[in-house]
Novice: 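Input: one structure, supplied below.
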Amino acid sequence: MIDTAALRTEQLASASRVVREDAMPFDQPTLIAGADVGFEQGGAITRAALVLLRYPSLSLVEYRIARIATTMPYIPGFLSFREYPALLAAWQQLRQKPDLLFVDGHGLSHPRRLGVASHFGLLVDVPTIGVAKRRLCGHAEPLEDAVGSRRPLLDKGEQIGWVWRSKARCNPLFVSTGHRVGLDSALLWVSRCMKGYRLPEPTRWADAVASRRPAFQRWLAQHPAQDEGGAG
DNA sequence: GCGACAG
DNA sequence: ATCTTGTCGC
(Lines give C-alpha, C1' and ligand atoms only; values in the text may rest on other atoms or scores of the structure.)
Protein backbone atom coordinates (compact mmCIF):
# COMPACT_ATOMS: atom_id res chain seq x y z
CA MET A 1 0.00 0.00 0.00
CA ILE A 2 0.96 3.59 -0.44
CA ASP A 3 1.06 5.96 2.48
CA THR A 4 -0.60 8.95 0.88
CA ALA A 5 -0.74 10.80 4.19
CA ALA A 6 3.06 10.74 4.31
CA LEU A 7 3.26 11.83 0.68
CA ARG A 8 0.95 14.75 1.42
CA THR A 9 3.19 15.85 4.27
CA GLU A 10 6.22 15.57 1.98
CA GLN A 11 4.50 17.62 -0.72
CA LEU A 12 3.49 20.36 1.67
CA ALA A 13 7.07 20.65 2.92
CA SER A 14 8.46 20.77 -0.63
CA ALA A 15 5.80 23.16 -1.86
CA SER A 16 6.95 25.74 0.65
CA ARG A 17 10.30 25.80 -1.17
CA VAL A 18 8.87 26.37 -4.64
CA VAL A 19 9.84 29.77 -6.05
CA ARG A 20 6.68 31.31 -7.49
CA GLU A 21 8.22 34.52 -8.78
CA ASP A 22 10.64 35.00 -11.64
CA ALA A 23 14.12 33.90 -10.64
CA MET A 24 15.37 32.75 -14.00
CA PRO A 25 19.16 33.08 -14.37
CA PHE A 26 18.97 34.08 -18.01
CA ASP A 27 18.14 37.15 -20.01
CA GLN A 28 17.03 35.37 -23.14
CA PRO A 29 16.98 31.55 -23.13
CA THR A 30 19.14 29.60 -25.55
CA LEU A 31 17.69 26.19 -24.84
CA ILE A 32 14.16 25.31 -23.80
CA ALA A 33 13.26 21.73 -22.93
CA GLY A 34 10.08 19.71 -22.95
CA ALA A 35 9.30 16.64 -20.85
CA ASP A 36 6.67 13.96 -21.25
CA VAL A 37 6.09 10.48 -19.87
CA GLY A 38 4.48 7.43 -21.37
CA PHE A 39 4.00 3.81 -20.35
CA GLU A 40 4.68 0.41 -21.87
CA GLN A 41 3.56 -3.13 -21.17
CA GLY A 42 0.37 -2.21 -19.48
CA GLY A 43 2.04 0.32 -17.22
CA ALA A 44 4.89 -1.88 -16.00
CA ILE A 45 7.49 0.31 -17.70
CA THR A 46 7.64 4.09 -17.39
CA ARG A 47 9.19 5.88 -20.35
CA ALA A 48 10.31 9.48 -20.02
CA ALA A 49 11.30 11.69 -22.95
CA LEU A 50 13.21 14.94 -22.69
CA VAL A 51 13.79 17.16 -25.71
CA LEU A 52 15.97 20.25 -26.12
CA LEU A 53 14.89 23.00 -28.52
CA ARG A 54 16.94 25.98 -29.64
CA TYR A 55 15.26 29.28 -28.86
CA PRO A 56 13.83 31.21 -30.65
CA SER A 57 13.97 28.95 -33.71
CA LEU A 58 12.29 26.17 -31.70
CA SER A 59 14.19 23.50 -33.64
CA LEU A 60 14.88 20.15 -32.01
CA VAL A 61 18.56 19.75 -31.12
CA GLU A 62 18.69 16.79 -28.73
CA TYR A 63 16.48 14.17 -27.18
CA ARG A 64 16.85 11.56 -24.46
CA ILE A 65 14.65 8.65 -23.46
CA ALA A 66 14.77 6.73 -20.18
CA ARG A 67 12.88 3.53 -19.46
CA ILE A 68 12.56 2.20 -15.91
CA ALA A 69 10.26 -0.08 -13.94
CA THR A 70 7.12 1.68 -12.73
CA THR A 71 7.08 2.09 -8.95
CA MET A 72 3.77 3.80 -8.26
CA PRO A 73 0.19 3.60 -9.58
CA TYR A 74 -1.50 6.71 -10.90
CA ILE A 75 -3.25 8.57 -8.10
CA PRO A 76 -4.66 12.04 -8.87
CA GLY A 77 -2.61 14.50 -6.84
CA PHE A 78 0.42 12.22 -6.64
CA LEU A 79 1.46 12.06 -10.27
CA SER A 80 4.94 13.40 -9.59
CA PHE A 81 5.91 10.43 -7.42
CA ARG A 82 5.00 8.14 -10.31
CA GLU A 83 6.86 10.10 -12.97
CA TYR A 84 9.89 11.83 -11.52
CA PRO A 85 12.23 8.79 -11.31
CA ALA A 86 12.11 8.30 -15.09
CA LEU A 87 12.31 12.03 -15.74
CA LEU A 88 15.39 12.23 -13.54
CA ALA A 89 17.02 9.35 -15.44
CA ALA A 90 16.45 11.12 -18.76
CA TRP A 91 17.61 14.43 -17.31
CA GLN A 92 20.95 12.93 -16.26
CA GLN A 93 21.56 11.79 -19.81
CA LEU A 94 21.35 15.29 -21.26
CA ARG A 95 24.63 16.66 -22.60
CA GLN A 96 23.43 20.23 -22.07
CA LYS A 97 20.97 21.53 -19.52
CA PRO A 98 18.13 23.84 -20.62
CA ASP A 99 17.47 27.35 -19.33
CA LEU A 100 13.78 26.55 -19.00
CA LEU A 101 11.73 23.35 -18.94
CA PHE A 102 8.10 22.74 -19.91
CA VAL A 103 6.61 19.80 -18.04
CA ASP A 104 3.49 17.96 -19.19
CA GLY A 105 1.15 18.35 -16.20
CA HIS A 106 0.36 20.92 -13.52
CA GLY A 107 2.71 22.93 -11.36
CA LEU A 108 1.21 25.33 -8.84
CA SER A 109 -2.32 24.42 -9.91
CA HIS A 110 -2.34 21.40 -7.64
CA PRO A 111 -4.30 20.71 -4.41
CA ARG A 112 -1.15 21.16 -2.33
CA ARG A 113 0.59 23.46 -4.83
CA LEU A 114 3.17 20.90 -5.88
CA GLY A 115 2.28 19.29 -9.18
CA VAL A 116 4.91 17.37 -11.18
CA ALA A 117 6.19 20.52 -12.87
CA SER A 118 7.01 22.13 -9.52
CA HIS A 119 8.28 18.95 -7.93
CA PHE A 120 10.68 18.15 -10.75
CA GLY A 121 11.84 21.76 -11.04
CA LEU A 122 12.71 21.72 -7.35
CA LEU A 123 14.55 18.39 -7.67
CA VAL A 124 16.84 19.44 -10.49
CA ASP A 125 16.79 23.12 -9.59
CA VAL A 126 15.73 24.45 -12.99
CA PRO A 127 13.03 26.97 -13.98
CA THR A 128 9.90 25.04 -14.99
CA ILE A 129 6.41 25.70 -16.30
CA GLY A 130 3.48 23.33 -16.01
CA VAL A 131 1.43 22.82 -19.18
CA ALA A 132 -1.58 20.56 -18.63
CA LYS A 133 -4.38 19.54 -20.97
CA ARG A 134 -6.98 19.08 -18.27
CA ARG A 135 -7.96 20.68 -14.98
CA LEU A 136 -6.93 19.09 -11.70
CA CYS A 137 -8.34 21.61 -9.24
CA GLY A 138 -9.55 25.18 -9.08
CA HIS A 139 -12.17 27.00 -11.14
CA ALA A 140 -12.31 29.62 -13.88
CA GLU A 141 -14.95 31.76 -15.51
CA PRO A 142 -16.18 30.55 -18.92
CA LEU A 143 -13.52 31.09 -21.57
CA GLU A 144 -14.24 32.95 -24.77
CA ASP A 145 -13.73 31.33 -28.17
CA ALA A 146 -11.05 33.69 -29.45
CA VAL A 147 -7.48 32.42 -29.62
CA GLY A 148 -5.49 33.95 -26.79
CA SER A 149 -8.45 34.24 -24.43
CA ARG A 150 -7.45 33.60 -20.86
CA ARG A 151 -9.02 33.30 -17.43
CA PRO A 152 -7.28 33.04 -14.11
CA LEU A 153 -7.61 29.59 -12.56
CA LEU A 154 -8.66 30.23 -8.97
CA ASP A 155 -8.63 28.03 -5.90
CA LYS A 156 -9.21 28.93 -2.26
CA GLY A 157 -8.99 32.62 -2.98
CA GLU A 158 -5.75 32.65 -4.95
CA GLN A 159 -4.75 32.42 -8.58
CA ILE A 160 -2.97 29.15 -9.19
CA GLY A 161 -2.70 29.24 -12.97
CA TRP A 162 -4.17 30.31 -16.30
CA VAL A 163 -6.78 28.69 -18.50
CA TRP A 164 -5.63 29.69 -21.97
CA ARG A 165 -7.05 29.15 -25.46
CA SER A 166 -3.92 28.32 -27.43
CA LYS A 167 -5.75 27.46 -30.65
CA ALA A 168 -9.18 27.99 -32.19
CA ARG A 169 -11.78 25.29 -31.63
CA CYS A 170 -9.49 23.44 -29.25
CA ASN A 171 -9.87 22.83 -25.54
CA PRO A 172 -7.79 25.27 -23.51
CA LEU A 173 -4.45 24.60 -21.83
CA PHE A 174 -3.81 24.97 -18.10
CA VAL A 175 -0.59 26.89 -17.59
CA SER A 176 1.01 27.39 -14.21
CA THR A 177 4.19 28.18 -12.34
CA GLY A 178 6.45 25.20 -11.97
CA HIS A 179 9.49 26.62 -10.23
CA ARG A 180 11.18 30.04 -10.49
CA VAL A 181 8.71 31.27 -13.13
CA GLY A 182 5.88 33.63 -12.19
CA LEU A 183 2.36 33.04 -13.49
CA ASP A 184 2.45 35.87 -16.02
CA SER A 185 5.89 34.87 -17.27
CA ALA A 186 4.78 31.26 -17.54
CA LEU A 187 2.00 32.21 -19.93
CA LEU A 188 4.32 34.58 -21.80
CA TRP A 189 6.94 31.89 -22.42
CA VAL A 190 4.37 29.33 -23.44
CA SER A 191 2.90 31.80 -25.93
CA ARG A 192 6.39 32.46 -27.32
CA CYS A 193 6.85 28.76 -28.04
CA MET A 194 3.74 28.28 -30.13
CA LYS A 195 3.83 27.29 -33.81
CA GLY A 196 0.18 27.01 -34.69
CA TYR A 197 -0.71 23.87 -32.79
CA ARG A 198 -2.61 23.39 -29.57
CA LEU A 199 0.55 22.50 -27.65
CA PRO A 200 3.72 24.61 -27.38
CA GLU A 201 6.68 23.14 -29.30
CA PRO A 202 8.67 21.81 -26.31
CA THR A 203 5.64 19.86 -25.11
CA ARG A 204 4.66 18.81 -28.61
CA TRP A 205 8.14 17.46 -29.39
CA ALA A 206 8.40 15.67 -26.06
CA ASP A 207 5.12 13.96 -26.89
CA ALA A 208 6.27 13.14 -30.41
CA VAL A 209 9.44 11.50 -29.08
CA ALA A 210 7.75 9.69 -26.20
CA SER A 211 5.04 8.33 -28.49
CA ARG A 212 7.29 7.85 -31.55
CA ARG A 213 5.08 9.98 -33.77
CA PRO A 214 5.66 10.21 -37.55
CA ALA A 215 6.98 13.76 -37.13
CA PHE A 216 9.76 12.43 -34.95
CA GLN A 217 10.48 9.55 -37.34
CA ARG A 218 10.92 12.07 -40.15
CA TRP A 219 13.23 14.17 -38.00
CA LEU A 220 15.35 11.08 -37.34
CA ALA A 221 15.64 10.37 -41.06
CA GLN A 222 16.94 13.86 -41.70
CA HIS A 223 19.37 13.91 -38.82
CA PRO A 224 21.90 11.09 -39.45
CA ALA A 225 23.16 9.21 -36.40
CA GLN A 226 24.96 11.74 -34.32
CA ASP A 227 26.23 9.90 -31.27
CA GLU A 228 25.37 12.83 -29.06
CA GLY A 229 21.97 13.32 -30.62
CA GLY A 230 20.73 10.65 -28.41
CA ALA A 231 18.50 7.65 -28.17
CA GLY A 232 18.10 5.93 -24.89
C1' DG B 1 -23.25 10.48 0.97
C1' DC B 2 -21.90 11.97 -3.95
C1' DG B 3 -19.16 13.77 -7.56
C1' DA B 4 -14.38 15.12 -9.25
C1' DC B 5 -10.08 13.48 -10.25
C1' DA B 6 -2.95 16.04 -14.15
C1' DG B 7 -0.98 11.49 -16.71
C1' DA C 1 -1.69 7.13 -19.68
C1' DT C 2 -3.05 3.02 -23.02
C1' DC C 3 -6.02 -0.05 -26.17
C1' DT C 4 -7.69 1.42 -31.34
C1' DT C 5 -11.22 2.74 -36.86
C1' DG C 6 -13.54 5.47 -38.65
C1' DT C 7 -15.38 9.89 -38.91
C1' DC C 8 -16.84 14.74 -38.65
C1' DG C 9 -15.21 19.49 -39.33
C1' DC C 10 -12.05 23.17 -40.69
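Naming convention: chains lettered A, B, ... in sequence-line order (proteins, then strands); numbering from 1 in each chain. In what follows, every heavy atom counts, from backbone to side chain, and hydrogens, waters and symmetry copies are set aside.
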Novice: Calculate the interatomic distance between K133(A) atom NZ and dA6(B) atom C1'; express it in whole Å.
Specialist: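 Between C1' of dA6(B) and NZ of K133(A): 9 Å.
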Novice: With heavy atoms under 4.0 Å as the rule, sort G77(A) into base, sugar-phosphate or nothing.
Specialist: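 Here G77(A) touches the bases of the nucleic acid.
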Novice: Calculate the interatomic distance between R82(A) atom CZ and dA1(C) atom C1'; express it in whole Å.
Specialist: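 Atom CZ in R82(A) sits about 7 Å away from atom C1' in dA1(C).
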Novice: Measure from CG on L153(A) to P on dA6(B) and round the result to the nearest Å.
Specialist: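 Result: 13 Å.
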Novice: What is the nucleic acid contact for F78(A), judged by heavy atoms within less than 4.0 Å: base, sugar-phosphate only, or nothing?
Specialist: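 If one applies the 4.0 Å heavy-atom cut-off, F78(A) turns out to touch a base.
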Novice: Tracing side-chain links under 4.5 Å among I, L, V, M, F, W and Y, which residues wind up in one group with F174(A)?
Specialist: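 Members besides F174(A), by chain and number: L143(A), L153(A), I160(A), V163(A).
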Novice: Which heavy atom of A140(A) sits nearest a heavy atom of R151(A), and at what distance?
Specialist: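 Here A140(A) and R151(A) meet closest at CB-CB, 4.1 Å.
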Novice: Any side-chain N or O of R169(A) below 4.0 angstrom from OP1/OP2 of dC10(C)?
Specialist: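 Looking at the OP1 and OP2 atoms of dC10(C), neither is under 4.0 Å from any side-chain N or O of R169(A).
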Novice: Are L136(A) and V18(A) joined in one hydrophobic group, where the rule is that I, L, V, M, F, W and Y side chains link up if heavy atoms are under 4.5 Å apart?
Specialist: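 In one cluster with L136(A): V18(A), no.
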Novice: Give the intermediate values and the outcome of ring pair (Phe, Tyr, Trp, His ring centres under 6.0 Å) for residues Y55(A) and W189(A).
Specialist: CA-CA 11 Å; Y55(A) 184 86; W189(A) 283 112; 5.5 Å; yes
Novice: Only stems of 3 or more consecutive Watson-Crick or G-U pairs count here, both distances under 3.5 Å; name the ones for DNA chain C, or none.
Specialist: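 DNA chain C stems: none present.
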Novice: Report the distance from atom NE2 of H106(A) to atom P of dC5(B), rounded to the nearest whole Å.
Specialist: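 Computing the H106(A):NE2 to dC5(B):P distance gives 11 Å.
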Novice: So which heavy atom on A49(A) is nearest to which on A206(A), and how close?
Specialist: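 What the structure gives for the nearest pair is CB-O, 3.8 Å.
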Novice: Starting the side chain at C-beta, find the nucleotide from dG7(B), dC5(B), dT2(C) nearest to R47(A).
Specialist: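 Side chain of R47(A) sits closest to dT2(C).
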Novice: Of all heavy-atom pairs between A15(A) and R112(A), which one has the smallest distance, and what is that distance?
Specialist: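 Distance-wise, the nearest heavy atoms are CB-O, 3.4 Å.
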Novice: Would one find a side-chain N or O of R135(A) under 4.0 angstrom from OP1 or OP2 of dC5(B)?
Specialist: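 Answer yes for this pair, as a side-chain N or O of R135(A) is under 4.0 Å from OP1 or OP2.
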Novice: Is R204(A) positioned over the aromatic face of Y197(A), cation under 6.0 angstrom from the ring centre and no more than 45 degrees off axis?
Specialist: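 Yes, a cation-pi geometry.
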Novice: Expressed as a whole number of angstroms, how long is the span from L173(A):CG to dA6(B):C1'?
Specialist: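 About 12 Å, once rounded to whole Å.
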Novice: Rounded to the nearest angstrom, tell me the gap between atom CG in D155(A) and atom P in dA6(B).
Specialist: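 Going from CG in D155(A) over to P in dA6(B) covers 14 Å.
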Novice: With sugar-phosphate meaning primed atoms plus P, OP1 and OP2, does Y74(A) contact a base, only sugar-phosphate, or nothing at under 4.0 Å between heavy atoms?
Specialist: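 The answer is base, as Y74(A) lies within the cut-off (heavy atoms under 4.0 Å) of a base atom.
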Novice: Rounded to whole Å, please give me the gap between CG in D207(A) and C1' in dA6(B).
Specialist: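 It is 15 Å, rounded to the nearest whole Å.
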Novice: Roughly, in whole Å, what's the span from CZ in F81(A) to P in dG7(B)?
Specialist: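 From F81(A) CZ to dG7(B) P: 18 Å.
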Novice: Just checking G38(A): base, sugar-phosphate only, or nothing, at a heavy-atom cut-off of under 4.0 Å?
Specialist: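 Sugar-phosphate, no base atom in range.
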